[in-house]
Amino acid sequence: MPTFGFNHVEFLLVAALWTLGLSAIAFIGGGILGFVIALARVSSSALVRGLAGAYVRIVQGTPLLILLFLIYFGLAIVGFNNLPAIIAAGAGLVIYSSGFLGEIWRGCIESVPKTQWEAAECLAMTRWQRMTRVILPQAARIATAPTVGFLVQIIKNTSLASVVGFVELSQAGKLINNSTFQPFIVFITVAVIYFLICYPLSAWSRGLERRLNVGRR
Amino acid sequence: MTYEFDFSSLLPYWREFAEGVWLTLQLSAISTVLGFVGGALCAIARADGPPWLQRVVGAYVEVIRNTPLLVQVFLVYFGIAILGIRIDANLAAVLALVVNVVAYTCEIMRAGIQSVHKAQIEAADCLGLTKTQTYWHVVLRPAIERVYPALVSQYVLLMLASSITSQISAEELTAVANRIQSDTFRSFETYIVVGLLYLALSFVVRGAFSVFGMLVFTRRRRLGTPL
Amino acid sequence: MSAVVKLSNVHKSFGALKVLDGVSFEVNRGEVVAVIGQSGSGKSTALRCINALETIEQGSIEVCGHAIHSDKLDKRALRLDVGIVFQSYNLFPHLTAEQNIMLAPTCVRKLGKKEAKDLARECLARVGLAEKADHYPEQLSGGQQQRVAIARSLAMQPKVMLFDEVTSALDPQLTGEVLKVMEDLARGGMTMILVTHEMSFARKVATNVIYMRQGKVWETLPGHQLENPSTPELREFVGSEL
Ligand SMILES: Nc1ncnc2c1ncn2[C@@H]1O[C@H](COP(=O)(O)OP(=O)(O)O)[C@@H](O)[C@H]1O
Ligand SMILES: [Mg+2]
């Protein structure tokens, strides 16, 4: 039986790059979709608001694991049997991220005082102009800290992509453990790599939040 | 191509589904209660304990919050096995979930504790309350009431996240689904059913928490405003 | 003379609370009308109805030819004709004074950057803040912020200006500088409706003073007659405010 060694660490580090890549896909895709969701949640149309609300409730009320299975088997049903694992993993994480980011950003948009909407309205600006020129720039400032915080959640949750066969950091750990059966050292190493990626982001998010609170006083 | 949905072949498995739901609820309930108690103690230690304890708890919270639950589950499960103790997967699942949720509860509660103004504590001191009385009535209770919504969200997430313990074959809902789909070859239908079950569970759990909150937080019930 | 603003028998409630109970008055071109009254008497609500920020249940409001009560009201066209300044300034915190003023002219009136900048400088000069163009709202005093807010409205070249207790949040010292700007505007022929607690200012500047009470226009009188009200309620109110 091989023992855990340098080549295994190297394998884990390469897998960590896949974790980062998948996180980037989830963050960018989920960000774009989430932005649309956030706008829909504050839309003037009750129907659009309701649909977006239902979307958020469904995504937030279903485990990511189940979401990934659904997409994986759903794609198979419509005839995509041999797609690379990253497609199902990416799609699942994009949907998951969009549900949460959409809701975080809606909160940020709504925390801009109503009087700002009114002031812009009284200057004859259209709804779109009010949103893009007055509300969103202010909401974006508020949104930075929780968005970076959620990025950490995304990175951690890419670990579930292994269930659709995507080999990222935690799946790589599992594979190594299957051959060496040294679970403690293997998963400690895996955890350390995750920590080294996530902790700086968490600290950054906290710093951003502190600065925003100081600025508000 | 057209796909023929067939939910009927899942019908014979309703008992298994029900057992999975029940175990998921049990896992979540036990982890929530232990997580709340442990998290509250950690939060007190983190906010008002001796400096060394503050640092230890702080490090624990950071480690847990910056690593995936899946890896924590593996570490607990295999880690205990390595010690030569054989434990049931369900027990390992509870342990891992508790270790995880204690850290999140601690962080939420600490924010609540720190939001209590010094003047409140001074006022209680001046009224002659003992330190413990002050801590319970003036610090902890308002803190819990204030962060209750955040705690509820966290515990609903915990219920959903308990699905991850299927990876060490704890017998909860997701593991049941994995088994049924490989028996029936009706994977998509199985996960739709299970997805709906989780969705229903998340509404039920949220509803139960809000009823509980109504019973416990009298002020909120009467005034309807957050503290 | 034609009425620029005309309210006829306006009714407005919030739930069970009747806030405007048959309000009627007119404002002609170049007139300054001061609206006074106890807090809660419906002054702000009346102004907000004039600018279509609230809908009315009964009666009619005409502003510069726009029928506010009509379903076919073009709100944006209305807002091009009406400027409003609030008690809480409501400047955009992410923009400098100059950018606050330039925003609407560039995106609504489609002015070029250069033109808008010149316009902003001119408006800032009118309120005596030419040197504060690059300051953010939080770097300005309350009085200065309020003057920027007035300049921001002026830049849209409105036909009517509405002011809702624009000095109520300010120290007496800062109040003076804002009132000065408003007085200049009035002298320049701007049609203005202002809700205010500054009795001496109302007496000096207002063509007419409207005293509101319990959602009604209780008494209307020329500004210079403010010491001689005919109703005992207004007499008491003026007495308490002076
Ligand atoms: N959006 C609103 N919803 C409910 N009540 C309101 C609202 N705006 C104002 N009111 C109520 O209407 C009454 C008149 O308010 P307002 O017009 O602001 O009075 P004023 O400006 O004269 O002080 C007050 O009792 C106030 O509480
Ligand atoms: Mg008012």
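In what follows, every chain begins at residue 1, and chains take the letters A, B, ... in the order their sequences are listed.
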If you round to the nearest 0.5 Å, how far is CD1 of A:Ile176 from CZ of A:Phe187? 9.0 Å
Heavy-atom contact with chain A under 4.5 Å, split by part of [X]:
X        : answer
B:Thr190 : neither
B:Thr67  : both
B:Ile164 : both
B:Gln72  : neither
B:Val205 : neither

Specify whether A:Phe100 and A:Phe150 have parallel, tilted or perpendicular ring planes, treating 30° as the upper limit for parallel and 60° as the lower limit for perpendicular. parallel
Option in B:Val156, B:Leu70, B:Leu197 with maximal non-hydrogen atom pairs under 4.5 Å from chain A: B:Leu70
Between B:Phe203, B:Tyr198, B:Tyr191, which shows the greatest number of heavy-atom pairs under 4.5 Å with chain A? B:Tyr191
Quick check on B:Phe212: does its CZ atom have over 12 non-hydrogen neighbours (other residues, nucleotides or ligands) under 6.0 Å away? no
Please confirm whether the backbone N or O of A:Ala145 pairs with a side-chain atom of A:Ser205, one donor and one acceptor, at under 3.5 Å? yes
A:Tyr55 and A:Ser98: side-chain donor and acceptor closer than 3.5 Å? yes
May I ask you to decide whether B:Glu62 forms a salt bridge with A:Arg206, counting only side-chain N to carboxylate O separations under 4.0 Å? yes
With the threshold set at 4.0 Å, does a side-chain nitrogen-carboxylate oxygen contact exist between A:Arg106 and A:Glu103? yes
Heavy-atom distance under 4.5 Å to chain B: side chain of [X], backbone, both or neither?
X        : result
A:Ile188 : both
A:Val186 : neither
A:Gln60  : backbone
A:Ile155 : neither
A:Asn157 : neither

Apply the test side chain to side chain contact (heavy atoms under 4.5 Å, CB included) to residues A:Ile66 and B:Leu173: give CA-CA distance (whole Å), side-chain angles for both, the deciding distance (0.1 Å), then the verdict. CA-CA 10 Å; A:Ile66 301 296; B:Leu173 185 52; over 6 Å; no
Minimal heavy-atom distance between A:Glu168 and A:Ser159, with the atoms involved, is OE1-CA, 3.4 Å
Top residue by heavy-atom pair count (under 4.5 Å) with chain B, among A:Thr62, A:Leu70, A:Leu65? A:Leu70
Highest number of heavy-atom pairs under 4.5 Å with chain B: which of A:Ala203, A:Cys198, A:Ser202? A:Cys198
